[in-house]
Protein chains: 2
Amino acid sequence: MVVDQLRDSELDRLFQALADSTRRDIVRRVTVGEYTVSGLAALYAMSFAAVQKHVAVLERASLVSKEKRGREQIVRGDHEGLLKARRLLDEYEQIWRQRAARMADILTEG
Amino acid sequence: MVVDQLRDSELDRLFQALADSTRRDIVRRVTVGEYTVSGLAALYAMSFAAVQKHVAVLERASLVSKEKRGREQIVRGDHEGLLKARRLLDEYEQIWRQRAARMADILTEG
DNA sequence: CTGATCTACAACCATTTGGTTGCACGATAG
DNA sequence: CTATCGTGCAACCAAATGGTTGTAGATCAG
(Lines give C-alpha, C1' and ligand atoms only; values in the text may rest on other atoms or scores of the structure.)
Protein backbone atom coordinates (compact mmCIF):
# COMPACT_ATOMS: atom_id res chain seq x y z
CA MET A 1 0.00 0.00 0.00
CA VAL A 2 0.95 3.60 -0.40
CA VAL A 3 1.36 4.13 3.31
CA ASP A 4 3.99 1.43 3.39
CA GLN A 5 5.85 2.98 0.52
CA LEU A 6 5.99 6.26 2.38
CA ARG A 7 7.14 4.53 5.51
CA ASP A 8 9.70 2.66 3.44
CA SER A 9 11.34 5.75 2.01
CA GLU A 10 11.28 7.28 5.46
CA LEU A 11 13.20 4.31 6.83
CA ASP A 12 15.49 4.37 3.82
CA ARG A 13 16.41 7.98 4.64
CA LEU A 14 16.83 7.15 8.30
CA PHE A 15 19.21 4.23 7.99
CA GLN A 16 20.96 5.89 5.09
CA ALA A 17 21.56 8.91 7.34
CA LEU A 18 22.99 6.66 10.05
CA ALA A 19 25.29 4.89 7.58
CA ASP A 20 28.04 7.50 7.80
CA SER A 21 30.39 7.90 10.73
CA THR A 22 30.61 11.70 10.45
CA ARG A 23 26.83 11.92 10.62
CA ARG A 24 26.68 9.50 13.55
CA ASP A 25 29.23 11.68 15.32
CA ILE A 26 27.13 14.78 14.66
CA VAL A 27 24.06 13.03 16.07
CA ARG A 28 25.95 12.23 19.26
CA ARG A 29 27.27 15.72 19.70
CA VAL A 30 24.08 17.64 19.06
CA THR A 31 22.21 15.38 21.44
CA VAL A 32 24.62 16.27 24.23
CA GLY A 33 24.89 19.98 23.46
CA GLU A 34 24.01 22.69 20.99
CA TYR A 35 26.11 23.54 17.96
CA THR A 36 25.90 25.98 15.11
CA VAL A 37 26.49 24.55 11.65
CA SER A 38 29.90 26.22 11.46
CA GLY A 39 30.64 25.07 15.00
CA LEU A 40 30.14 21.51 13.76
CA ALA A 41 32.11 22.19 10.59
CA ALA A 42 35.13 23.20 12.68
CA LEU A 43 35.28 19.67 14.11
CA TYR A 44 35.87 17.76 10.90
CA ALA A 45 38.59 17.66 8.27
CA MET A 46 36.26 18.64 5.46
CA SER A 47 34.73 21.76 3.99
CA PHE A 48 31.89 23.72 5.56
CA ALA A 49 29.68 22.82 2.63
CA ALA A 50 30.24 19.09 3.19
CA VAL A 51 29.23 19.36 6.84
CA GLN A 52 26.26 21.53 5.96
CA LYS A 53 25.11 18.79 3.58
CA HIS A 54 25.53 16.16 6.29
CA VAL A 55 23.35 18.24 8.60
CA ALA A 56 20.75 18.57 5.84
CA VAL A 57 20.70 14.78 5.40
CA LEU A 58 20.22 14.32 9.15
CA GLU A 59 17.46 16.92 9.17
CA ARG A 60 15.54 15.18 6.38
CA ALA A 61 15.80 11.98 8.43
CA SER A 62 14.39 13.70 11.55
CA LEU A 63 17.55 12.92 13.46
CA VAL A 64 18.37 16.60 13.90
CA SER A 65 16.48 19.87 13.87
CA LYS A 66 17.62 23.42 13.28
CA GLU A 67 16.51 26.71 14.76
CA LYS A 68 17.52 30.05 13.36
CA ARG A 69 19.09 32.39 15.88
CA GLY A 70 20.27 35.64 14.34
CA ARG A 71 22.52 34.74 11.49
CA GLU A 72 23.37 31.41 13.07
CA GLN A 73 21.50 28.15 12.87
CA ILE A 74 21.37 26.09 16.06
CA VAL A 75 21.47 22.32 15.49
CA ARG A 76 19.88 20.06 18.08
CA GLY A 77 19.18 16.38 18.29
CA ASP A 78 15.69 15.28 17.26
CA HIS A 79 14.43 12.26 19.13
CA GLU A 80 11.84 11.32 16.54
CA GLY A 81 14.16 9.76 13.99
CA LEU A 82 15.96 7.70 16.60
CA LEU A 83 12.67 6.38 17.93
CA LYS A 84 11.55 5.27 14.50
CA ALA A 85 14.80 3.43 13.85
CA ARG A 86 14.67 1.82 17.26
CA ARG A 87 11.08 0.77 16.71
CA LEU A 88 12.04 -1.14 13.57
CA LEU A 89 14.95 -2.92 15.24
CA ASP A 90 12.73 -3.75 18.20
CA GLU A 91 10.24 -5.25 15.78
CA TYR A 92 12.97 -7.42 14.25
CA GLU A 93 14.13 -8.41 17.71
CA GLN A 94 10.57 -9.45 18.48
CA ILE A 95 10.52 -11.66 15.39
CA TRP A 96 13.72 -13.28 16.59
CA ARG A 97 12.21 -14.00 19.99
CA GLN A 98 9.14 -15.56 18.39
CA ARG A 99 11.41 -17.69 16.27
CA ALA A 100 13.32 -18.82 19.32
CA ALA A 101 10.05 -19.65 21.06
CA ARG A 102 8.89 -21.65 18.04
CA MET A 103 12.10 -23.63 18.02
CA ALA A 104 11.74 -24.36 21.70
CA ASP A 105 8.19 -25.60 21.04
CA ILE A 106 9.43 -27.94 18.35
CA LEU A 107 12.06 -29.37 20.66
CA THR A 108 9.60 -30.01 23.46
CA GLU A 109 6.57 -31.10 21.47
CA GLY A 110 5.27 -34.68 21.32
CA MET B 1 42.11 4.66 17.16
CA VAL B 2 42.20 1.87 14.64
CA VAL B 3 39.63 -0.15 16.51
CA ASP B 4 37.16 2.69 16.15
CA GLN B 5 37.79 2.92 12.44
CA LEU B 6 37.03 -0.76 12.05
CA ARG B 7 33.94 -0.42 14.17
CA ASP B 8 32.96 2.58 12.08
CA SER B 9 33.08 0.80 8.75
CA GLU B 10 31.27 -2.11 10.34
CA LEU B 11 28.44 0.19 11.39
CA ASP B 12 28.53 1.89 8.00
CA ARG B 13 27.94 -1.48 6.32
CA LEU B 14 25.22 -2.35 8.82
CA PHE B 15 23.09 0.76 8.48
CA GLN B 16 23.78 0.92 4.76
CA ALA B 17 22.46 -2.64 4.49
CA LEU B 18 19.31 -1.67 6.38
CA ALA B 19 18.76 1.40 4.19
CA ASP B 20 16.94 -0.52 1.45
CA SER B 21 13.40 -1.82 1.73
CA THR B 22 14.04 -4.96 -0.31
CA ARG B 23 16.89 -5.88 2.00
CA ARG B 24 14.81 -5.12 5.10
CA ASP B 25 12.11 -7.39 3.71
CA ILE B 26 14.66 -10.16 3.16
CA VAL B 27 15.87 -9.79 6.73
CA ARG B 28 12.32 -10.22 8.01
CA ARG B 29 11.62 -13.24 5.89
CA VAL B 30 14.80 -15.17 6.56
CA THR B 31 14.39 -14.60 10.28
CA VAL B 32 10.99 -16.24 10.22
CA GLY B 33 11.88 -19.08 7.87
CA GLU B 34 14.52 -20.49 5.57
CA TYR B 35 14.89 -19.50 1.94
CA THR B 36 17.20 -20.38 -0.89
CA VAL B 37 18.61 -17.46 -2.86
CA SER B 38 16.37 -18.24 -5.81
CA GLY B 39 13.44 -18.72 -3.43
CA LEU B 40 13.99 -15.14 -2.33
CA ALA B 41 14.54 -13.95 -5.90
CA ALA B 42 11.09 -15.27 -6.86
CA LEU B 43 9.51 -12.81 -4.41
CA TYR B 44 10.69 -9.59 -5.99
CA ALA B 45 10.20 -7.85 -9.32
CA MET B 46 13.88 -7.80 -10.16
CA SER B 47 16.47 -10.14 -11.59
CA PHE B 48 18.03 -13.04 -9.71
CA ALA B 49 21.39 -11.30 -9.86
CA ALA B 50 19.98 -8.21 -8.15
CA VAL B 51 18.57 -10.26 -5.28
CA GLN B 52 21.78 -12.27 -5.01
CA LYS B 53 23.67 -8.99 -4.61
CA HIS B 54 21.26 -7.83 -1.92
CA VAL B 55 21.86 -11.07 -0.03
CA ALA B 56 25.61 -10.54 -0.37
CA VAL B 57 25.28 -7.04 1.10
CA LEU B 58 23.30 -8.43 4.03
CA GLU B 59 25.85 -11.17 4.54
CA ARG B 60 28.75 -8.71 4.72
CA ALA B 61 26.74 -6.80 7.33
CA SER B 62 26.21 -9.95 9.43
CA LEU B 63 22.46 -9.61 9.08
CA VAL B 64 22.19 -12.89 7.20
CA SER B 65 24.24 -16.05 6.84
CA LYS B 66 24.33 -18.68 4.13
CA GLU B 67 24.83 -22.41 4.27
CA LYS B 68 25.47 -24.54 1.25
CA ARG B 69 23.11 -27.47 0.85
CA GLY B 70 23.65 -29.39 -2.33
CA ARG B 71 23.50 -26.91 -5.17
CA GLU B 72 21.35 -24.59 -3.13
CA GLN B 73 22.36 -21.96 -0.64
CA ILE B 74 20.17 -21.65 2.43
CA VAL B 75 19.81 -18.09 3.72
CA ARG B 76 19.07 -17.55 7.39
CA GLY B 77 18.85 -14.54 9.64
CA ASP B 78 22.00 -13.72 11.61
CA HIS B 79 21.29 -12.14 14.96
CA GLU B 80 24.74 -10.57 15.31
CA GLY B 81 24.23 -7.65 12.96
CA LEU B 82 20.91 -6.73 14.47
CA LEU B 83 22.39 -6.75 17.94
CA LYS B 84 25.17 -4.39 16.92
CA ALA B 85 22.76 -1.95 15.33
CA ARG B 86 20.50 -2.10 18.34
CA ARG B 87 23.43 -1.54 20.67
CA LEU B 88 24.28 1.71 18.91
CA LEU B 89 20.72 3.00 19.01
CA ASP B 90 20.47 2.01 22.67
CA GLU B 91 23.63 4.00 23.31
CA TYR B 92 22.08 7.05 21.64
CA GLU B 93 18.91 6.54 23.60
CA GLN B 94 21.01 6.50 26.76
CA ILE B 95 22.56 9.82 25.81
CA TRP B 96 19.08 11.22 25.35
CA ARG B 97 18.05 10.06 28.78
CA GLN B 98 21.14 11.62 30.35
CA ARG B 99 20.32 14.85 28.56
CA ALA B 100 16.78 14.77 29.87
CA ALA B 101 18.09 14.14 33.37
CA ARG B 102 20.52 17.06 33.04
CA MET B 103 17.72 19.35 31.98
CA ALA B 104 15.61 18.24 34.90
CA ASP B 105 18.55 19.00 37.19
CA ILE B 106 18.84 22.48 35.79
CA LEU B 107 15.16 23.12 36.32
CA THR B 108 15.22 21.94 39.93
CA GLU B 109 18.61 23.28 41.00
CA GLY B 110 19.02 26.21 43.43
C1' DC C 1 26.24 -38.77 -20.24
C1' DT C 2 23.19 -34.84 -20.99
C1' DG C 3 20.37 -31.25 -19.87
C1' DA C 4 18.31 -28.29 -16.49
C1' DT C 5 18.89 -25.68 -12.16
C1' DC C 6 21.21 -22.88 -8.61
C1' DT C 7 24.59 -19.83 -7.72
C1' DA C 8 28.31 -16.49 -8.29
C1' DC C 9 30.52 -13.07 -10.71
C1' DA C 10 31.99 -9.88 -14.40
C1' DA C 11 30.87 -6.05 -17.33
C1' DC C 12 28.07 -2.47 -18.15
C1' DC C 13 24.80 1.57 -17.23
C1' DA C 14 22.13 5.31 -14.79
C1' DT C 15 21.60 7.44 -10.52
C1' DT C 16 23.03 8.73 -5.99
C1' DT C 17 26.51 10.01 -2.73
C1' DG C 18 30.13 12.51 -0.57
C1' DG C 19 33.26 15.55 -1.44
C1' DT C 20 34.96 20.05 -3.69
C1' DT C 21 34.81 25.36 -5.08
C1' DG C 22 32.35 29.42 -5.86
C1' DC C 23 28.62 32.56 -5.24
C1' DA C 24 24.62 35.00 -3.16
C1' DC C 25 22.22 36.76 0.61
C1' DG C 26 20.75 38.03 5.28
C1' DA C 27 22.53 39.43 9.84
C1' DT C 28 26.10 41.54 12.57
C1' DA C 29 30.07 44.46 13.79
C1' DG C 30 32.70 48.60 13.41
C1' DC D 1 27.59 52.40 5.07
C1' DT D 2 30.82 48.77 4.57
C1' DA D 3 33.07 44.71 5.63
C1' DT D 4 32.70 40.31 7.63
C1' DC D 5 30.37 36.20 9.09
C1' DG D 6 27.15 32.26 8.83
C1' DT D 7 24.44 29.79 5.82
C1' DG D 8 22.50 27.66 1.79
C1' DC D 9 22.79 26.28 -2.83
C1' DA D 10 24.44 25.36 -7.52
C1' DA D 11 27.81 23.15 -10.45
C1' DC D 12 31.05 19.94 -10.80
C1' DC D 13 33.70 15.37 -10.02
C1' DA D 14 34.98 10.61 -8.54
C1' DA D 15 33.30 6.69 -6.40
C1' DA D 16 29.62 3.80 -4.81
C1' DT D 17 24.93 1.86 -5.50
C1' DG D 18 21.28 -0.69 -7.56
C1' DG D 19 19.90 -2.44 -11.41
C1' DT D 20 20.70 -5.13 -15.98
C1' DT D 21 22.53 -9.15 -19.15
C1' DG D 22 25.65 -12.75 -20.00
C1' DT D 23 28.76 -16.42 -18.69
C1' DA D 24 30.59 -20.24 -16.16
C1' DG D 25 30.93 -23.79 -12.57
C1' DA D 26 28.56 -27.17 -9.47
C1' DT D 27 25.01 -30.19 -8.57
C1' DC D 28 20.94 -32.74 -9.53
C1' DA D 29 17.42 -35.33 -12.58
C1' DG D 30 16.51 -38.51 -16.25
Side-chain angles (χ1 to χ4, degrees), chain A residues 5 8-30 33-76 78 81, chain B residues 5-6 8-27 29-30 33-76 78 81:
Chain A
Q5 285 173 10
D8 271 357
S9 62
E10 198 182 336
L11 289 171
D12 286 356
R13 262 180 283 135
L14 242 172
F15 286 111
Q16 173 85 6
L18 288 169
D20 180 285
S21 65
T22 300
R23 286 197 292 260
R24 287 195 300 272
D25 193 63
I26 292 177
V27 168
R28 276 179 179 282
R29 289 181 184 270
V30 301
E34 292 183 355
Y35 286 81
T36 64
V37 179
S38 48
L40 286 170
L43 299 170
Y44 308 101
M46 64 184 76
S47 69
F48 169 85
V51 174
Q52 190 260 334
K53 276 205 219 172
H54 279 311
V55 173
V57 169
L58 290 170
E59 196 179 14
R60 276 187 302 127
S62 300
L63 284 165
V64 138
S65 68
K66 288 187 301 188
E67 185 195 342
K68 200 164 182 174
R69 189 150 75 198
R71 68 183 154 185
E72 299 180 331
Q73 197 88 247
I74 307 297
V75 184
R76 297 200 185 81
D78 183 348
Chain B
Q5 285 173 10
L6 288 176
D8 272 356
S9 61
E10 199 182 337
L11 289 171
D12 287 357
R13 261 179 283 135
L14 242 172
F15 287 110
Q16 174 83 6
L18 288 169
D20 180 284
S21 65
T22 301
R23 287 197 293 262
R24 287 194 300 273
D25 193 62
I26 293 177
V27 168
R29 290 180 183 271
V30 301
E34 293 183 355
Y35 286 81
T36 63
V37 179
S38 47
L40 286 170
L43 300 170
Y44 308 102
M46 65 184 77
S47 69
F48 169 85
V51 174
Q52 190 260 333
K53 277 205 219 173
H54 280 310
V55 172
V57 169
L58 290 170
E59 196 180 15
R60 277 187 300 127
S62 299
L63 284 164
V64 138
S65 69
K66 287 187 303 188
E67 185 195 343
K68 200 165 182 172
R69 189 150 75 197
R71 69 182 152 184
E72 299 180 331
Q73 198 88 246
I74 307 297
V75 184
R76 296 200 185 81
D78 183 347

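Just so we're on the same page: letters track the sequence lines, and every chain starts at 1.
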Just distance, no hydrogens or angles: give the donor-acceptor pairs under 3.5 Å from side chains in residues 39-55 of chain B, sequence neighbours left out.
unit_1, atom_1, unit_2, atom_2, d
B:Y44, OH, B:D25, OD2, 2.6
B:S47, OG, B:A50, N, 3.1
B:H54, ND1, B:R23, NH1, 3.2

Which pairs would a plain distance check flag for residues 59-67 of chain A, meaning a side-chain donor or acceptor within less than 3.5 Å of a matching protein atom at least two apart in sequence or in another chain?
unit_1, atom_1, unit_2, atom_2, d
A:E59, OE1, A:K66, NZ, 3.4
A:E67, OE1, A:R76, NH1, 2.6
A:E67, OE1, A:R76, NH2, 3.1

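Using a 4.5 Å cut-off on side-chain heavy atoms (C-beta onward), B:L11 and A:S21 make no contact. Side chains of B:R24 and A:D8 form a contact here, defined as non-hydrogen atoms less than 4.5 Å apart.
Atom-to-atom, CG of A:D8 to C1' of D:dG18 comes out at 16 Å; the value is rounded to the nearest Å. Per the geometry, CD belonging to B:Q52 stands 14 Å off C1' belonging to D:dG25, to the nearest Å. Whole-Å rounding puts the A:L58 CG to D:dG8 P distance at 13 Å. Regarding B:I74, its CD1 atom lies at a distance of 12 Å from the C1' atom of C:dT7, rounded to whole Å. The CD atom of B:E72 sits 15 Å away from the C1' atom of C:dA8 (whole-angstrom rounding).
With B:V27 as the partner, the side-chain contact (heavy atoms from CB on, under 4.5 Å) test is satisfied by one option alone out of B:L58, B:D78, B:T22: B:L58.
Judged purely by atom type and a 3.5 angstrom limit, A:R69 has no side-chain atom pairing as donor or acceptor with the backbone of A:T36.
Dashed line: the shortest gap from a side-chain N or O of A:Q73 to OP1 or OP2 of D:dG6 is not under 4.0 Å. B:K66 has a side-chain polar atom (N or O) that falls below the 4.0 Å cut-off from OP1 or OP2 of C:dA8.
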Protein within reach of the bases, or only the backbone? For nucleotides 19-30 of chain C, mark each nucleotide 5' to 3' as B, S or -, using heavy atoms under 4.0 Å. BBB-----BB--
Could you list, one pair per line, each protein nitrogen or oxygen that sits under 3.5 Å from a nitrogen or oxygen of nucleotides 14-16 of chain C, together with the distance?
none

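Expressed to the nearest 0.5 Å, how far CZ of A:F15 lies from CG of B:L14 amounts to 10.0 Å.
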